[in-house]
2 protein chains.
Amino acid sequence: MDEQTYTTRAPAQPNQSLQYGTECLLQLVSAGRPIGSREMARELKREHTHVNRLLGTLAYLGLAERTSDRKYIVGPGIHVLSAMSLRGSHLLTSALPRIRTLIEKTGMIVALGVLWRRQVCYLYHGGPEKSMEAAIVGSDLYPAERSSIGMIMLAQRTKEYVKSLYQEQEKDMGGEINVNALLQQLLEVRTQGYGLNDNTSLAVAIGSPPMAALAVATDMITKEEIPLLVKQLHETADGILVDMKNLQK
Amino acid sequence: MDEQTYTTRAPAQPNQSLQYGTECLLQLVSAGRPIGSREMARELKREHTHVNRLLGTLAYLGLAERTSDRKYIVGPGIHVLSAMSLRGSHLLTSALPRIRTLIEKTGMIVALGVLWRRQVCYLYHGGPEKSMEAAIVGSDLYPAERSSIGMIMLAQRTKEYVKSLYQEQEKDMGGEINVNALLQQLLEVRTQGYGLNDNTSLAVAIGSPPMAALAVATDMITKEEIPLLVKQLHETADGILVDMKNLQK
DNA sequence: GAATAATAGTGCTAATATAGCATCAAATGT
DNA sequence: ACATTTGATGCTATATTAGCACTATTATTC
């Protein structure tokens, strides 16, 4: 399995345990339910003992917890990790005021998400009738190729990366994806500069390369609406970036 | 340096690289500014090359980023980690509606925090006049021994753990702490079941052992106010726990 | 500006941490 | 009840990694 890496230049001596350990951690978090070590090993296509050992260490660190029926769930340390990483990220705190403004301007649902493997993970997902506290952290991971957020983020990835990502686990991840069709779509998305999904949601990237993406969603986005919405999305995304920079001083 | 571990029973073969790698990551996140590998090695009391290698790996994974002046800051992967861990944690999403209610009831500042080493990291910190989006993720880490949240959380830790935590890095962490006096205070906190700091803030634990703690703060909390506030805090904390459990189905 | 000190990063290699096979007890499936 | 799968571990070969020594770069000192 090809692990997600960000720089094409590996350090002199990459630490494999750290790499595979964080992989296990994110897989555990994504499971959202108790998961056994062999099941996870099958999902990650890794030797069982290896995964069992890493899960054991995560439990030792408090990031995982063993259940009475010998499975693993996230542990108390996840709260520390989420608090610290949220504080280090600055993304949600920078985005929230601007999301509020965007919701008021458009009257639409607004979503802020990040891409993890082939899934979009929402930091925010809600519209005008939803309170902010209820909109923070959408519930389920969502398939990237069916999401405007996912598509705009995948579009900034290399063809090789996308191929690799989608040619593995095709059966496991809920249906087979025609990779060539996907790549064609991604080219279109890249050209347009926004992702459009089913004429119901429209996304632009935050940052370049994108660290996240911002979308509006409603029942039907008409062709005529797109340019203004894209402009508004870009302004909001750019504002988020500026605020993040300011928070980092 | 004694790494924070949650279970007294180590697994058969704990993975040291994962342990030290996550340590580096949290230290990087807590720095909040660019930090060099030697500086971090000094902070962590670890051999320099080791830390440099781990930071290099974190950069490879996108969790860190190398700056042009050869230092490290958090990288784009931190947004993925924060989104995923926040989603896996359920703490903030469960707490927000109840925090809103508590603010309305008390008219005070409410804070939700977790303990990382000797620091409190706030997931929420704000009062009635502050918008929710501005109150999410308080800015700075705060010394635990000067915080009601820190104290109530430390009070549930073993004497050995607290001793170990405070006897190292005394000079580095901004002043020497009288550990015996601290232990005496923690005993008092444990006995009372709440942490009180300077008569300005009052905290109770969320969960047992506590995963987080919840506090109210105002200019002056009188002795007479304490019982009702403690009751309200406990009700809120218990409600958060219930909501978290429900979100995990 | 030159000299000195500190830094990040790397090569190398000894050694130690770890991967994986085999095994066992416990849990699940038939 | 038996068969299968599971999580966890011991053991040990070996791959990964820790750390020494070094280099190029940057920062500090005079």
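Throughout, protein chains are lettered first and strands after them, A, B, ... in sequence-line order, and every chain is numbered starting at 1. These numbers come from a predicted model, not from an experiment.
Residue-level contact check: B/T49 touches the bases, meaning some heavy atom is under 4.0 Å from a base atom. Residue A/D69 is out of contact with every strand shown, counting any heavy-atom pair closer than 4.0 Å.
A close approach under 4.0 Å does not occur between any side-chain nitrogen or oxygen of B/R53 and OP1 or OP2 of C/dA8. Contact between the side-chain N/O atoms of B/Y72 and the OP1/OP2 oxygens of C/dG9 is found at a separation under 4.0 Å.
In terms of modelled atom types and a separation under 3.5 Å, the side chain of A/S147 and the main chain of A/P143 share no donor-acceptor contact. Looking only at distances, no side-chain donor or acceptor of B/R46 sits under 3.5 Å from a matching main-chain atom of B/V51. Remark: side-chain polar atoms of B/T57 are paired, donor with acceptor, to backbone N or O of A/N15 under 3.5 angstrom. Side chain of A/R98 to backbone of A/G239: a donor-acceptor contact under 3.5 angstrom is found. For B/R118 (side chain) and B/L165 (main-chain N/O), a donor-acceptor pair under 3.5 Å exists by modelled atom type.
Taking each heavy atom of A/P11 and B/R66 in turn, the nearest pair found is CB-NH2, 4.0 Å.
Ionic pairing of B/E39 and B/R33 is present here: one or more N-O contacts between side-chain nitrogen and carboxylate oxygen are shorter than 4.0 angstrom.
Projected onto DNA chain C by closest heavy-atom contact, B/I35 and A/L54 fall at different nucleotides, the more 5' of which corresponds to B/I35. The residue among A/P14 and B/R70 whose nearest nucleotide of DNA chain D lies closer to the 5′ end is A/P14.
Between B/N15 atom CG and C/dT16 atom C1' the separation is 13 Å, expressed in whole Å. Computed from coordinates, the B/M40 CE to C/dT7 C1' distance equals 15 Å when rounded to whole Å. Separating the CZ atom of B/R66 from the C1' atom of C/dA8 is a distance of 9 Å, rounded to the nearest angstrom. Going from atom NZ of A/K71 over to atom P of C/dA26 covers 18 Å, rounded to whole Å. Atoms NE2 (A/H48) and P (C/dA22) sit 15 Å apart, rounded to a whole Å. Rounded to whole angstrom, the span from the CD atom of A/Q13 across to the P atom of C/dA8 amounts to 17 Å. In this structure, CD of B/E47 is placed 14 Å from P of C/dA17, rounded to the nearest angstrom. With rounding to whole Å, B/N52 atom CG is found 7 Å from C/dT10 atom P.
Protein chain A contacts DNA chain D over a range whose 5' and 3' limits, counting nucleotides with an atom under 4.0 angstrom from a non-hydrogen atom, are D/dT6 to D/dG19.
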